[in-house]
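Down below is the structure, laid out as structure tokens.
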Amino acid sequence: MQPDEVWGTRWRSCANPIAHRFMETACEKQSLVCLAADLRTIDELVNLVNEVGPYIAALKTHVDIVEDFSTENWLKLVEAAAENSLLLFEDRKFADIGGISQKQMAGVYDIRSWSDIVTAHRISGPDIIDGIAAGWADVQRIGGVLLLAQMSSQGNLLTSEYTEETIATGKASPHVLGYIGNGSSPIEVSALRELVGDGQMIWTPGVNIDSNAAIMGQRYGNPHDSIIAGADVIIVGSGIYRVKDRKSAAKAYADASWNALLERER
Ligand code: S5P
């Protein structure tokens, strides 16, 4: 199926080229899964990506939890992502002033050189987005920012007013491809979709087929419900990497998300 048939208004209304790249890959793989690859060594990460690669459409990392980081080693993961046609998303959750965020895009990890997407909080002001974009521009690359409009964790301080301000900022910037929404609550996701409209994406963590698996303040909702409520991507970590048969788990999330998209009004 062609992306415009499957994604409908989202395909036609999203201006950001990275959003289109995701939607194309999702159609090729019949999966709306972004894998949250929260493992501690690069070999483990590469093995996981090669194992579940056919069932996922993007790869999310936390580079600063890797214990054996070196630029040379990290390139193995960057290559594995490219071989599996995956956008590479560093979940850095930038939160500082714009100029510092630009510098943090460089540094030891040099996030600007390999990431296609990063996350940022709106807390410090709207200029954080320009700082991040300047980081990519410093190495002649472009990328997309996902602003945290909601969070899945219990007791977070992102009020509905904060969410509204975040969306107003995001709508004003061509660098913002969308928002992180709270996948544990379909009600919150649909409220977010109302505010966002059709022109930007919503990516939802806090998703697990086993809603009782949550630990340390995480909360989980169902992948199907999240997509029906208006999310475009489900971010799944331990629901895939922590189970015995990771391939079957990834396929189950891919099927649940893809079928929900086909079911959803376009
Ligand atoms: O509100 C949030 C935002 C994010 S990006 N809640 C989250 O859990 N995340 C991220 O999603 C978190 O950093 C982790 O990498 C992933 C969820 O992992 P899981 O193992 O609970 O599926």
Side-chain angles (χ1 to χ4, degrees), residues 22 31-40 44-45 48-49 52 55-66 77 81 86-95 111 115-123 132 143-160 162-163 166-167 170 176-189 191-192 201-227 229 231-244 246 249-250 252-254 256-257:
F22 176 85
S31 168
L32 313 187
V33 177
C34 171
L35 173 67
D38 296 331
L39 299 177
R40 293 211 172 124
E44 281 178 294
L45 286 171
L48 176 64
V49 169
V52 304
Y55 308 110
I56 60 174
L59 176 64
K60 184 175 91 60
T61 54
H62 281 297
V63 66
D64 54 356
I65 66 177
V66 166
L77 184 65
L86 302 170
L87 285 165
L88 194 41
F89 163 13
E90 168 57 23
D91 188 9
R92 172 61 179 72
K93 296 187 178 73
F94 290 99
I111 294 168
S115 65
D116 301 302
I117 298 170
V118 299
T119 36
H121 284 290
R122 164 68 178 78
I123 188 88
I132 292 168
V145 176
L146 289 171
L147 290 177
L148 285 115
Q150 297 174 337
M151 289 196 77
S152 64
S153 45
Q154 187 190 320
N156 71 72
L157 298 174
L158 282 66
T159 60
S160 48
Y162 181 93
T163 301
T166 301
I167 291 161
V176 173
L177 91 133
Y179 307 90
I180 296 293
N182 174 15
S184 76
S185 164
I187 292 172
E188 282 188 33
V189 175
L192 184 60
M201 303 192 90
I202 297 176
W203 294 45
T204 51
V207 167
N208 198 303
I209 287 169
D210 175 8
S211 60
N212 294 320
I215 52 164
M216 294 193 110
Q218 178 66 299
R219 296 174 296 185
Y220 284 133
N222 176 275
H224 174 271
D225 297 349
S226 191
I227 300 298
D232 304 304
V233 184
I234 50 167
I235 297 176
V236 184
S238 41
I240 294 174
Y241 70 72
R242 205 176 277 149
V243 302
K244 210 162 176 215
R246 305 190 298 190
Y253 283 96
S257 58

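Just so we're clear, the structure is a prediction, and the values are computed from it rather than from any experiment. Order of appearance sets the numbers: ligands from 1, and atoms from 1 within every ligand. Heavy atoms only: backbone and side chains are in, while hydrogens, waters and symmetry mates are out.
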Can you tell me how far the [atom1] atom of [X] sits from the [atom2] atom of [Y], to the nearest 0.5 Å?
| X | Y | atom1 | atom2 | answer |
| --- | --- | --- | --- | --- |
| His121 | Leu148 | NE2 | CG | 4.5 Å |
| Ile180 | Lys93 | CD1 | NZ | 7.0 Å |
| Asp210 | Asn222 | CG | CG | 11.0 Å |
| Leu192 | Thr166 | CG | OG1 | 9.5 Å |

Which ligand 1 atoms does [X] reach within 4.0 Å, using its non-hydrogen atoms?
| X | value |
| --- | --- |
| Pro205 | 2 (C), 3 (C), 4 (C), 6 (N), 7 (C), 8 (O), 9 (N), 11 (O) |
| Asp38 | 14 (C), 15 (O) |
| Asp91 | 5 (S), 10 (C), 13 (O) |
| Met151 | 1 (O), 2 (C) |

- Mind checking whether His62 contacts ligand 1 via backbone (N, CA, C, O), side chain (CB onward), both or neither, at a 4.0 Å heavy-atom cut-off? side chain
- Item | Nitrogen or oxygen of Ser153 less than 3.5 angstrom from that of ligand 1 | no
Which heavy atom of the protein is the closest neighbour of [atom], given with residue, atom name and distance?
| atom | result |
| --- | --- |
| atom 1 (O) of ligand 1 | Ser152 N, 2.8 Å |
| atom 22 (O) of ligand 1 | Gly237 N, 2.9 Å |
| atom 8 (O) of ligand 1 | Gln218 NE2, 2.9 Å |

- For Tyr220, which of Ser184, Ser211, Ser238, Ser152 qualifies under side-chain hydrogen bond (donor to acceptor under 3.5 Å, both in side chains)? Ser238
- Query: Counting heavy atoms only, which of Ala36, Ala214, Cys34 comes nearest to atom 16 (C) of ligand 1?
  - Reply: Ala36
- Above 12 or not: heavy atoms from other molecules or residues under 6.0 Å from CD1 of Ile65? yes
- More than 12 heavy atoms from other groups under 6.0 Å of CD on Glu44: yes
- Item | Any Tyr220 heavy atom less than 4.0 Å to ligand 1 | yes
- Do any N or O atoms from the side chain of Tyr162 and from the backbone of Ile123 form a donor-acceptor pair under 3.5 angstrom? yes
